[in-house]
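Index from 1, following the sequence.
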Amino acid sequence: MRSAPTILHLDMDAFYAAAEQAAKPSLRGKPVIVGGLGPRGVVATASYEARRFGVHSAMPMAQARRLAPNAAALVPRFSFYRAISDQVMGLLRSLSPLVEPLSLDEAFVDLEAGGVADDLPSALAAGERLRADIRAVTGLTGSVGLAGSKMLAKIASERAKPDGLVVIEPGTERELLGPLSVRTLPGVGPATGEHLRRAGMTTCAEVAEAGEDELVRLLGRAHGTALHLMALGYDDRPVVAERDTKSVSVEDTFDVDLHDRVRIRGEVERLAGRCVRRLRESGHSGRTIVLKVRRYDFSTLTRSETLRGPTDDPAVVREAAARLLESVDTTGGVRLLGVGVSGLADYTQEDLFAQAAVGVQTTAPPPDGSVPVEAEVQVEVQADADVETAETPAETAGASRAPAGGGPEEPPVPAGRRWSPGDDVRHALYGPGWVQGSGVGRVTVRFERPDSPPGRVRTFLIDDPELTPSEPLPLVEPADPAPEPAAGGQPSGGQSSSPATRPKERSSGGGAGDSGDAESSRP
């Protein structure tokens with residue numbers, strides 16, 4: 001334990017939803033829900049306005065929309081969030097070489113290792129400076145916790161939300177932790193928490209009073225000893241800058257349970273191809289192929305096969321996943337499929353005994369009406385990570401989807417012209433905007449920029465050639481470069497460039513569901 005609060009924990013506030021509100025002026029101050037929009041989608045993040053209605057992360061999207069029917073429900077834009085995360089992580093690395101990211105919006109920083117803090121005043125100054133820099137560079141807010149350990153710094157950042165800074169001074173740990181739930185302690189999940197509750201321990205103080213011997217008896221030597229120390233406020237885990245990836249996996253949840261065995265095998269092969277692409281992007285290969293099947297009754301089966309050596313060959317992974325599928329009974333229907341690779345290495349070794357056909361294999365696209373609408377999870381699991389990072393695969397972006405509940409089908413959508421709520425677009429005449437919704441052959445777009453007032457809404461035919469997908473606009477425009485000095489040594493124009501600042505706050509008007517200012521535009 002440190003004698004000064006020089007470990008910092010940063011947690012961006014409602015990150016995905018806040019980024020969407022910053023990018024879309026018409027949504028500022030209004031409830032926003034980001035997540036999968038299909039019948040089986042889940043909430044990734046909810047804005048603080050939506051949380052007042054009881055919406056929270058990991059909640060089924062259908063339930064969230066019942067609780068907050070007027071909220072704007074948007075699909076995640078992970079490339080956009082990652083770009084903002086890169087900016088934030090860059091600011092953290094300017095403070096210290098020891099930065100331990102936990103997810104796109106959360107990280108630990110060892111301020112002492114960077115030489116920017118060695119006591120309470122300097123740590124406070126570094127934390128306040130970081131919050132100001134994040135606001136200036138991204139336009140968003142983050143909560144900062146400062147303490148002498150990682151566990152306490154994370155507790156402090158939770159108490160600082162939203163947009164605050166809390167310090168837990170060394171020596172106050174026991175008093176702070178005592179009344180808190182045992183679930184506050186790292187490593188205590190639902191199962192361990194229930195086990196401790198049955199033993200009469202629901203608070204950290206009760207865990208500390210139980211003693212190490214009792215916890216070892218209940219939980220085993222390693223877990224019991226570690227838990228007792230943490231309940232006393234001791235946590236000597238270091239901030240680790242580099243953490244090894246342990247596995248790569250992709251999953252799809254389907255709106256309608258799959259029963260056709262041929263279709264199920266085709267989906268497994270498609271997932272295997274996506275998994276290998278992600279594996280190669282990370283510069284790894286792997287030995288163990290894992291298949292995950294969630295059946296109609298929510299029972300989840302996992303099967304794995306270990307190869308003779310690590311591989312990143314898509315044919316080998318497809319064949320292994322297909323073999324694993326043969327051992328799973330899918331007659332009742334399948335709601336989720338996943339393929340993963342673990343036992344990662346930095347090299348490949350050909351499996352001469354793999355039953356993979358030589359040459360390029362292709363999988364025909366599934367028929368319309370049965371495409372998976374939710375890439376519910378694509379997870380890269382990291383050592384010691386307690387947060388998962390989910391991504392929506394590009395493969396489903398242009399797919400035609402079946403309507404829920406057996407209603408009338410929408411007109412077929414041309415390849416690449418699938419518009420999802422929240423997507424960035426650009427119109428040849430009206431400029432940049434974002435999709436509010438689409439259906440019955442039409443798409444509704446609100447035209448606005450991060451630094452503009454709330455924009456107007458217009459409706460187009462879904463295949464309007466003047467409407468195209470677009471890259472996200474930056475939340476904060478970068479500062480203009482300083483002009484070249486004039487002959488007298490003064491910059492031309494008499495003014496120097498100013499640093500980037502947060503976009504001016506605008507009054508909000510017209511949410512995602514607002515149609516009062518809509519105009520219809522016909523080609």
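- For the residue pair Asp13/Thr141, the side-chain donor-acceptor check at 3.5 Å is satisfied.
- Using a distance-only test at 3.5 Å, with no hydrogens or angles considered, no donor-acceptor pair links the side chain of Ser247 to the main chain of Val341.
- A donor-acceptor pair is defined here as one N or O able to donate and one able to accept, closer than 3.5 Å; no such pair exists between the side chain of Thr203 and the backbone of Leu180.
- Residues Leu111 and Leu146 have side chains in contact (heavy-atom distance under 4.5 Å, counting atoms from C-beta outward).
- Minimum heavy-atom separation, Ile462 to Trp419: O-NE1, 3.0 Å.
- Two residues are said to be in side-chain contact when any heavy atoms from C-beta on lie closer than 4.5 Å; Lys24 and Leu74 meet this criterion.
- Counting only distance, with no hydrogens or angles, the side chain of Asp11 and the backbone of Ser157 share no donor-acceptor pair below 3.5 Å.
- For the pair Thr225 (side chain) and Ala222 (backbone), a donor-acceptor distance under 3.5 Å is absent.
- No donor-acceptor distance shorter than 3.5 angstrom exists from the side chain of Arg174 to the backbone of Gly233, with no hydrogens or angles considered.
- With hydrogens and angles disregarded, no donor-acceptor distance shorter than 3.5 Å links the side chain of Gln63 to the backbone of Pro60.
- When every heavy atom of Val188 is checked against every heavy atom of Leu227, the shortest pair comes out as CG2-CD1, 3.3 Å.
- Checked against Val443 for a side chain to side chain contact (heavy atoms under 4.5 Å, CB included), the options Val435, Asp423, Thr459 give a single hit: Val435.
- A perpendicular orientation is assigned to the rings of Phe447 and Phe460, their planes being inclined by more than 60° (bins at 30° and 60°).
- Taking all atoms of both residues into account, the shortest heavy-atom contact from Ser47 to Ala17 is N-CB, 3.5 Å.
- Taking the side chain as every heavy atom from C-beta outward, Tyr430 and Val445 never approach each other to under 4.5 Å.
- Using a cut-off of 4.0 Å between Lys/Arg side-chain N and Asp/Glu carboxylate O, Arg198 and Glu194 are scored as salt-bridged.
- Panel note: side chain Lys161, backbone Met12; a donor-acceptor pair is recorded below 3.5 Å.
- Panel note: side chain Ser96, backbone Val109; no donor-acceptor pair is recorded below 3.5 Å.
- Not counting sequence neighbours, the partners of Phe108 by the ring pair (Phe, Tyr, Trp, His ring centres under 6.0 Å) test are His9.
- In summary, the side chains of Arg294 and Thr300 do present a donor paired with an acceptor at a separation below 3.5 Å, with no hydrogens or angles considered.
- The aromatic rings of Tyr81 and Phe78 stand perpendicular to each other, their planes meeting at an angle above 60°, with 30° marking the opposite boundary.
- In this structure, the side chain of Ser452 does not engage the main chain of Glu448 through any donor-acceptor pair within 3.5 Å.
- Taking CZ of Phe298 as the reference point, atom CZ of Arg335 lies at 3.5 Å (rounded to 0.5 Å).
- The heavy-atom pair separating Arg449 from Glu477 by the smallest distance is NH2-OE2, 3.8 Å.
- In summary, Arg274 and Asp252 engage in a salt bridge, as defined by a charged side-chain N under 4.0 Å from a carboxylate O.
- The main-chain N or O of Leu104 is found under 3.5 Å from a side-chain atom of Ser85 such that the two form a donor-acceptor pair.
- Listed by chain and residue number, nothing satisfies the side chain to side chain donor-acceptor pair (under 3.5 Å) test with Ser3 (two or more places apart in sequence, or in another chain).
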